[in-house]
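One structure below.
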Amino acid sequence: MRKIKNFILLFVLVFGSANAQNAANSTEISPEERMEWWQDARFGMFIHWGVYSQAGGEWNGETNHAEWLQFTAKIPLQEYKAYAKTFNPVKFDAKEWVSIAKNAGMKYIVVTSKHHDGFAMYNSQVNDHNIIKGASFQRDPLKELAEECKKQGLRFCVYYSLGRDWEDPDCPTGYAGNIAWRSNLIDYPIEKDKKLQRYLDRKAIPQIKELLTDYGDIGVMWFDTYELVSKQQGQKIVDIIRELQPKCIINSRVGPCLGDYTVNEQEVPEGASIKPWESCMTMNNHWGYNKADNDWRTSEELIHHLIDIASKGGNFLLNVGPTGEGVIPAESVERLKAVGDWINVNGEAIYGTTFSPFGKFDWGRCTQRVENGNTVLYLSVFDWPTDGELTVPGLQNKVLKYSLLDSDEKIAVKALDHGVVLKLPRKAPDAIASVIKLEVDGVISGQFLE
Ligand code: FHN
């Protein structure tokens, strides 16, 4: 079995681009061509921002709410609509948000166009439950973000809550058999009368079409919580997207067994995968803004997650939850600056690389890039050896070039029977992760972890 996996690994690494080129000559777009920019990008910003953000997690003395505010605080729809009317994020600045993402080394942003509350954060013509007609803001933040992304060279992508919508009367829920578990039973208590197709036809599909028509190139349609959406209903949505924007990537939450890549939420898989995948993660414990939540992941954790995910062939979608005034919390900005400082020096170990041919090392992680028939390995060392020696078990290929990414100090390489040992400076160039670059002869058909 391992020989088959190694062959697939070799084929993907060496011939993937040829396949994309063939497709580029035809009118069809191959999956490899569609995914190319995204797999090279490796790192994006997730933005959970809506009416709920102005509560900062607080409601009637409770402090653990966030983007689920309407549901968890049991707010009747009319009261929520009245609350939405007060939403006026006067400090929102698309240029500032996109600059923060760009300086962090992020290559795309995924922003909530409509979360489970059914409130459109853009100028939707489908109904008045949106930021133009249903709030005080009178501006279209998605339009501003789309334009700013284009100016700064990031891909603009949108999140859409597909199977949960607490504004629409025909949105039943029941993922994994949990009937009505995430439905709005306050305003629409008779679950059995709800017809999902009516909601899809009346609201979801028209809004998906609006987003793919009025906001320029959409890098990814990031669907969430498909709940009772069938594979057939999901496939129809995929077909609509392919028709409107063939290059738009679709994640796996558009329906059962559908989509261009797999989503992992708040976790990093143990092993690598040859298929495209993404881990999305919060910086504290909430997606939407919660002012009481000060349980922040450290910058070191975030940088190690980025490297670990890339070493397994995945993308890292890291979330921010801006305030009701439209400000990204200082704690998030501080961490994103630290990630940006690291990636500014070591980005070539992340962008355009793919999974480690060796799996994980106990001292850190490895990413690789095949160039002109040779392999460039990036060893990201989390635990720098105190004795100045680092063993790379399993590396049998001849080492042609070797250096530190973040230092001019010299290193040495010595071949062993089943790997190499590197002689390193006593002090790590970077306290969080120091990168050693090795160029080796040929392609490595190492072990491949599923
Ligand atoms: O319920 C949502 C949640 O609010 C958040 O949007 C996450 C992001 O992936 N998705 C759902 C939970 O899986």
Side-chain angles (χ1 to χ4, degrees), residues 38 43-57 59 64-75 80 106 108-122 142 157-168 171-178 180-185 204 207 211 219-229 234 249-256 258-269 276-290 293 297 302 305 309 314-322 324 328 332:
W38 185 85
F43 191 30
M45 177 183 273
F46 211 175
I47 303 174
H48 275 72
W49 191 46
V51 166
Y52 44 80
S53 306
Q54 61 183 338
W59 197 267
N64 197 30
H65 301 290
E67 73 283 357
W68 280 44
L69 176 70
Q70 183 183 346
F71 187 92
T72 51
K74 299 184 175 57
I75 305 170
Y80 193 81
M106 295 161 151
Y108 58 104
I109 71 166
V110 180
V111 61
T112 43
S113 67
K114 185 209 80 170
H115 205 266
H116 307 337
D117 59 5
F119 186 86
M121 288 293 286
Y122 70 96
L142 263 60
C157 313
V158 292
Y159 163 109
Y160 191 86
S161 172
L162 183 60
R164 289 178 194 163
D165 188 304
W166 299 323
E167 179 266 338
D168 195 278
C171 198
T173 61
Y175 184 71
N178 299 296
W181 73 322
R182 297 295 182 256
S183 296
N184 174 358
L185 297 176
Q207 288 193 322
L211 290 164
V220 177
M221 279 302 293
W222 207 99
F223 290 101
D224 204 5
T225 58
Y226 62 78
E227 291 282 353
L228 295 175
V229 172
I249 295 168
I250 305 165
N251 76 341
S252 54
R253 294 185 176 178
V254 65
L258 291 171
D260 298 313
Y261 72 86
T262 307
V263 172
N264 293 281
E265 185 166 310
Q266 301 284 33
E267 60 168 16
V268 180
W277 62 275
E278 178 184 70
S279 272
C280 59
M281 222 175 263
T282 53
M283 276 196 224
N284 55 13
N285 299 306
H286 292 85
W287 296 100
Y289 177 56
N290 180 297
D293 182 354
R297 297 177 202 266
L302 297 174
H305 277 315
I309 290 166
N315 280 31
F316 189 22
L317 186 63
L318 182 55
N319 183 73
V320 295
I328 295 176
S332 298

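Given the structure is predicted, the values throughout are model-derived calculations rather than measurements. Whatever order the structure lists them in is the order used to number ligands and atoms, beginning at 1.
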Task: Cys280 and ligand 1 - part of the residue with a heavy-atom distance under 4.0 Å - done: side chain
TODO: Go through ligand 1 atom by atom and flag the ones less than 4.0 Å from a non-hydrogen atom of Asp224.
DONE: 2 (C), 5 (C), 6 (O), 7 (C), 8 (C), 10 (N), 11 (C)
Open item on the list: So, taking the atom named CD1 in Ile47 and the one named CG in Asn319, what distance separates them when rounded to the nearest 0.5 Å?
Closed with: 8.5 Å
Open item on the list: Give the atom numbers and elements of ligand 1 that come within less than 4.0 Å of a heavy atom of Arg253.
Closed with: 9 (O), 10 (N), 13 (O)
- [ ] Would you check the N or O atoms of Arg164, main chain and side chain alike, for any that come under 3.5 Å of an N or O of ligand 1?
- [x] yes
Open item on the list: So does Gly324 get a backbone contact from the side chain of Gln54, meaning a donor-acceptor N/O pair under 3.5 Å?
Closed with: no
Open item on the list: Does the plane of the ring in Phe43 sit parallel, tilted or perpendicular to the ring in Phe316? Use 30° and 60° as the thresholds.
Closed with: parallel
Open item on the list: Can you name the atoms of ligand 1, numbered from 1 with element, that are less than 4.0 Å from a heavy atom of His115?
Closed with: 3 (C), 4 (O), 5 (C), 6 (O)
- [ ] Number the atoms of ligand 1 from 1 as they appear, then name those within less than 4.0 Å of a heavy atom of Tyr159, with their elements.
- [x] 6 (O)
Open item on the list: I'd like to check whether Trp222 has a polar contact with ligand 1, where a contact means an N/O of the residue lying under 3.5 Å from an N/O of the ligand.
Closed with: no
Task: Which of the ligand 1 atoms, numbered from 1, are nearer than 4.0 Å to a heavy atom of His116 - done: 1 (O), 2 (C)
- [ ] Determine, for Lys114 against Glu167, whether the closest basic-nitrogen to carboxylate-oxygen distance falls under 4.0 angstrom.
- [x] no
Task: contact_flag Met281 ligand 1 heavy-atom lt 4.0 Å - done: no
Task: atom 12 (C) of ligand 1 [closest protein heavy-atom partner, distance rounded to 0.1 Å] - done: Glu265 OE2, 3.2 Å
- [ ] For the residue pair Tyr175 and Tyr226, categorise the inter-ring angle as parallel (less than 30°), tilted (30 to 60°) or perpendicular (more than 60°).
- [x] perpendicular
Open item on the list: Closer than 4.0 angstrom, basic N to acidic O: yes or no for Glu227 and Arg182?
Closed with: no
Open item on the list: Checking the N or O distance criterion of under 3.5 Å, is ligand 1 in contact with Trp68?
Closed with: yes
- [ ] Show which atoms of ligand 1 fall inside a sub-4.0 Å distance from at least one heavy-atom site of Glu67.
- [x] 3 (C), 4 (O)
Open item on the list: Tell me if a side-chain donor or acceptor on Asn178 pairs with a main-chain N or O of Trp181 at a distance below 3.5 Å.
Closed with: no
Open item on the list: Main chain of His116, side chain of Asp165: is a donor-acceptor contact present, judged purely on distance under 3.5 Å?
Closed with: no
- [ ] Would you mind checking which non-hydrogen protein atom is closest to atom 5 (C) of ligand 1, with the distance to 0.1 Å?
- [x] His48 NE2, 3.5 Å
Task: Residue among Trp59, Trp166, Tyr80 satisfying ring-ring contact (aromatic ring centres under 6.0 Å, His included) with Phe71 - done: Trp166
